[in-house]
Amino acid sequence: MAKRREQWSSNFGFLMAAAGSAVGLGNIWKFPYVAGHNGGALFLIFYIIILVVIGIPILIAEMSVGRATHLNSIDACKKINPKWAFVGVIGFLASFVIMSYYCVIGGWVLKYIATYIVTDKINNPATFFNEFCSSSIEPIVWLFIFIAITALIVMNGISNGIERISKIFLPLLFLFIIIIAINSLLLPGASKGVKFFFVPDFTDINSAGDVGKIFLSALGQVFFSLSLGMGTLITYGSYLDKNANIPKNAVSIPVLDTLIAILAGLAILPAVFAYDLEPGAGPGLIFQVLPVVFANMPFGRFIAILFFVLVFFAAITSAISLLEVVAAYFIDHKNVSRNAAALGCSAGIFIAAIFVSLSFGALGGFKVLGKNIFDLFTTLTDKILMPIGGFLMCILVGYVWGIPNMLKEISSNGLYKFRYKTAISATLKYIAPALILTIFVVSFL
Ligand code: PFF
């Protein structure tokens, strides 16, 4: 007898889980920096336009494919057209690869929480960070703990595991980030950071090509931040009830995601500027620059714990969505139990992640195309698998499945009216594929 497919217990639960997938390290360490260095307000304007014009339609497309098929991403694409299963395979592979570096960073976050619990402050954060991440054993232990927590949540299932945790972690994250943003904004000298974030700086923008670059960084950020092109939304959508309102959710998810990205900018940048530090992108910003800020600010240790706990919440709710994409395939397709699928996939990810972790130390000299394993994996997903996945998703829904089928799915058999039929059709068939293709080509120039 066929197993009854699991479901979200409420729309709020689904929304928290999907927004939890979107809100992640991308919001906290990428968005504030990328926005600041790409013309501030101009980047924000581009980001919001792309979010509305491309992000929301692709979100709708992915969720409809999931809900229409009630299958994992590979089998969902296969059901639409057997020749197109490879689109799901790309998302599956990309999820696996992203997980392998996301968990390494998740482990670092746990290490920082533990450090601030036992010590007052980190003296000399740059040395502390470099020594820690280049050592062989300790980061792997933290990585293991992070993956074990992710696996445990996924093993508990959709409504009991993923949904339950997201319903607690996301609202708490929101609360913590507001507290930290208020604290940052009250620091003397905070306004420089606010200016860096919001006020357009045109000094570096001299040509149309520069404006084009800002546009492309905004497009890349929208993709990563909304977890698009990876099968995450297909998988989460596949546990949706037939009466769920897809377009409404597709608006709420980016609204929450953007709100948190902006709050992250307000939490981080004013504090960095108040202490005359330089914001940097990526690991450096939260692991090396912010500890200097925490060491100097009143109640720094308390704020540091709050901050790293919120980063942990953001990272784990994204990690569970990535593990679910991989595990769902084995659960649906191979009839493996949820426990075995989650554990088996986590074990595979753990092995790959060990190599990523070692690429900061012992395996640092091992390079492919001039990149260490970490850089190789991030480039492979950000620049290759995600854009290709997004592009193919538009073609699959726009031409292979067809817009009328998608529209039928999102109306929930006539329950909801959808007014933007022409707009979504134009986006999925022409605008989004053309833009993604452009970003893809230009990023290699
Ligand atoms: N959206 C997450 C972030 O902003 O950190 C990253 C991510 C999660 C990307 C899940 C892709 C994905 F499928």
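For ligands, and for the atoms within them, numbers begin at 1 and follow the listed sequence.
- Here V325 has no heavy atoms under 4.0 Å from ligand 1, in either its backbone or its side chain.
- The pair K242-E409 meets the salt-bridge criterion, with a side-chain N (NZ, NE, NH1 or NH2) lying under 4.0 Å from an Asp/Glu carboxylate O.
- Ion pair R5/D332 flagged as a salt bridge, since at least one NZ, NE, NH1 or NH2 atom sits closer than 4.0 Å to an Asp/Glu carboxylate oxygen.
- Protein heavy atom at the shortest distance from atom 5 (O) of ligand 1 is Y102 OH, 2.5 Å.
- Here the options are F176, Y112, F302, the test is ring pair (Phe, Tyr, Trp, His ring centres under 6.0 Å), and the partner is F308; only Y112 passes.
- Not a single donor-acceptor pair under 3.5 Å links the side chain of S159 to the backbone N or O of S9.
- Against a heavy-atom cut-off of under 4.0 Å, M230 is close to the following atoms of ligand 1: 11 (C), 13 (F).
- Of all the heavy atoms of S227, the ones lying under 4.0 Å from any atom of ligand 1 are found in both the backbone and the side chain.
- For the pair K167 and F12, the cation does not sit on the ring face, since its NZ or CZ is not both under 6.0 Å from the ring centre and inside 45° of the axis.
- Those atoms of ligand 1 with a heavy atom of T232 less than 4.0 angstrom away are 12 (C), 13 (F).
- Checked by distance only, ligand 1 and V23 stay at 3.5 Å or farther apart across all their nitrogen or oxygen atoms.
- Remark: the D257 side chain and the S225 side chain contain an N/O donor-acceptor pair separated by less than 3.5 Å.
- Taking a cut-off of under 4.0 Å to the non-hydrogen atoms of G26, the atoms of ligand 1 that pass are 3 (C), 4 (O), 5 (O).
- In the model, S21 has a side-chain atom that pairs as donor or acceptor with a side-chain atom of S227 under 3.5 Å.
- S321 counts as a contact of ligand 1, since one of its heavy atoms falls under 4.0 Å from the ligand.
- Proximity of L285 to I268: side-chain heavy atoms (C-beta onward) are separated by under 4.5 Å at one or more points.
- Taking every heavy atom of S21 and a limit of under 4.0 angstrom, the matching atoms of ligand 1 come to 1 (N), 2 (C), 8 (C), 10 (C).
- Which parts of ligand 1 touch A22 is read off a 4.0 Å heavy-atom cut-off, strictly below it: atoms 1 (N), 2 (C), 3 (C), 4 (O).
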Identify all side-chain donor-acceptor contacts of residues 147-158 below 3.5 Å with residues at least two apart in sequence or on another chain.
residue: T150; atom: OG1; partner: F146; partner atom: O; Å: 2.8
residue: N156; atom: ND2; partner: L152; partner atom: O; Å: 3.0

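- For ligand 1, the atoms sitting less than 4.0 Å from at least one non-hydrogen atom of S225 are 1 (N), 4 (O), numbered in the order shown with element in parentheses.
- The protein heavy-atom contact nearest to atom 9 (C) of ligand 1 is F224 O, 3.6 Å.
- Numbered from 1 in the order shown, with element, the atoms of ligand 1 that lie under 4.0 Å from a heavy atom of L322 read 10 (C), 12 (C), 13 (F).
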